[in-house]
Participant: 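Shown below is the structure under consideration.
Just so we're clear, the structure is a prediction, and the values are computed from it rather than from any experiment. Numbers here are sequence positions counted from 1.
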Amino acid sequence: MSVSPRTPAGQWAGTVTHDGEVDDYTVTFQDDGALVVVTQKSTGAGSWSQTDADTFAFFLREDFNTDVTQISPTGFQAAYIKIDIEARLEGDGKFTGKGKAVVHGTDDTVIYSTDAETDAHRVP
């Protein structure tokens, strides 16, 4: 995998802020448009695409680990989250983004939706 400062291709470490909480994650953007994300509570996969010289969008499904019981703010057990982010590469090795996180229950129904903001730095 190549690393280009004009694309997100490569590995990043970041935080996502939602509902007054901050969660850490690592994400790897592959050259082919695929991505993989890992947090303490979940793993996920998705895709990304360049939208302009310094902007990109990414989508992923993040599944909670089987040993994690995640309860949504609405009181239901969460199984996975679908996340859409519009992001901007900023300077040398940083990106910021905003988007939506839609939480699904164990029966696949939508149980909660929230705004999310993220920023990350490239891992050397």
Participant: Can you tell me how far the NZ atom of K94 sits from the CZ atom of R88, to the nearest 0.5 Å?
Facilitator: 13.0 Å
Participant: Sub-3.5 Å donor-acceptor pair from the side chain of T28 to the main-chain atoms of G10, do we have one?
Facilitator: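 Side chain of T28 to backbone of G10, a donor-acceptor pair under 3.5 Å: no, none is there.
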Participant: Yes or no on side chain to side chain donor-acceptor pair (under 3.5 Å) for T39 and D23, after CA distance, side-chain angles and deciding distance?
Facilitator: CA-CA 8 Å; T39 77; D23 295 314; over 6 Å; no
Participant: Give a yes or no answer on whether the side chain of Q30 reaches the backbone of D32 with a donor-acceptor pair at less than 3.5 Å.
Facilitator: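 No.
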Participant: Look up atom OG1 in T118 and atom CH2 in W12, then write down how far apart they are to the nearest 0.5 Å.
Facilitator: 10.5 Å
Participant: Using distance only, find each side-chain donor-acceptor pair of residues 99-108 under 3.5 Å and give its atom names and separation, not counting sequence neighbours.
Facilitator:
unit_1 : atom_1 : unit_2 : atom_2 : d
K100   : NZ     : D115   : OD1    : 2.9
H104   : ND1    : Y80    : OH     : 3.4
H104   : ND1    : D108   : O      : 3.2
D107   : OD1    : T109   : N      : 3.2
D107   : OD1    : T109   : OG1    : 2.7
D108   : OD1    : Y80    : OH     : 3.1

Participant: In terms of hydrophobic clustering (I, L, V, M, F, W, Y; side-chain heavy atoms under 4.5 Å; direct or indirect links), are V68 and V38 co-clustered?
Facilitator: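 Different hydrophobic clusters.
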Participant: Return yes when atom CD of E21 has more than 12 non-hydrogen atoms of other residues, nucleotides or ligands closer than 6.0 Å, and no otherwise.
Facilitator: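 Yes, CD of E21 has more than 12 neighbouring heavy atoms, counting only those of other groups under 6.0 Å.
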Participant: Would you tell me whether E117 and T17 have side-chain atoms, one donor and one acceptor, within less than 3.5 Å of each other?
Facilitator: no
Participant: Once you round to the nearest 0.5 Å, how far does CD1 of I85 lie from NZ of K98?
Facilitator: 11.0 Å
Participant: What ring-ring contact (aromatic ring centres under 6.0 Å, His included) pairs are there with at least one residue in residues 56-77, not counting sequence neighbours?
Facilitator: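 Every ring-ring contact (aromatic ring centres under 6.0 Å, His included) pair that includes a residue of residues 56-77, provided the two are not neighbours, is F29-F56, F29-F58, F56-F58, F56-F95.
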Participant: Roughly how far apart are D24 CG and T15 OG1, rounded to 0.5 Å?
Facilitator: 6.5 Å
Participant: Kindly determine whether R61 and D63 satisfy salt bridge (charged side-chain N to carboxylate O under 4.0 Å, His left out), including the steps that lead there.
Facilitator: CA-CA 6 Å; R61 176 181 161 148; D63 292 288; 3.0 Å; yes
Participant: Quick one: CD on Q50 to CG on L89, what's the gap to the nearest 0.5 Å?
Facilitator: 6.5 Å
Participant: Do side-chain atoms of R122 reach the backbone of A13 as a donor and acceptor pair under 3.5 angstrom?
Facilitator: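 No; judged by distance alone, with no hydrogens or angles, the pair does not exist.
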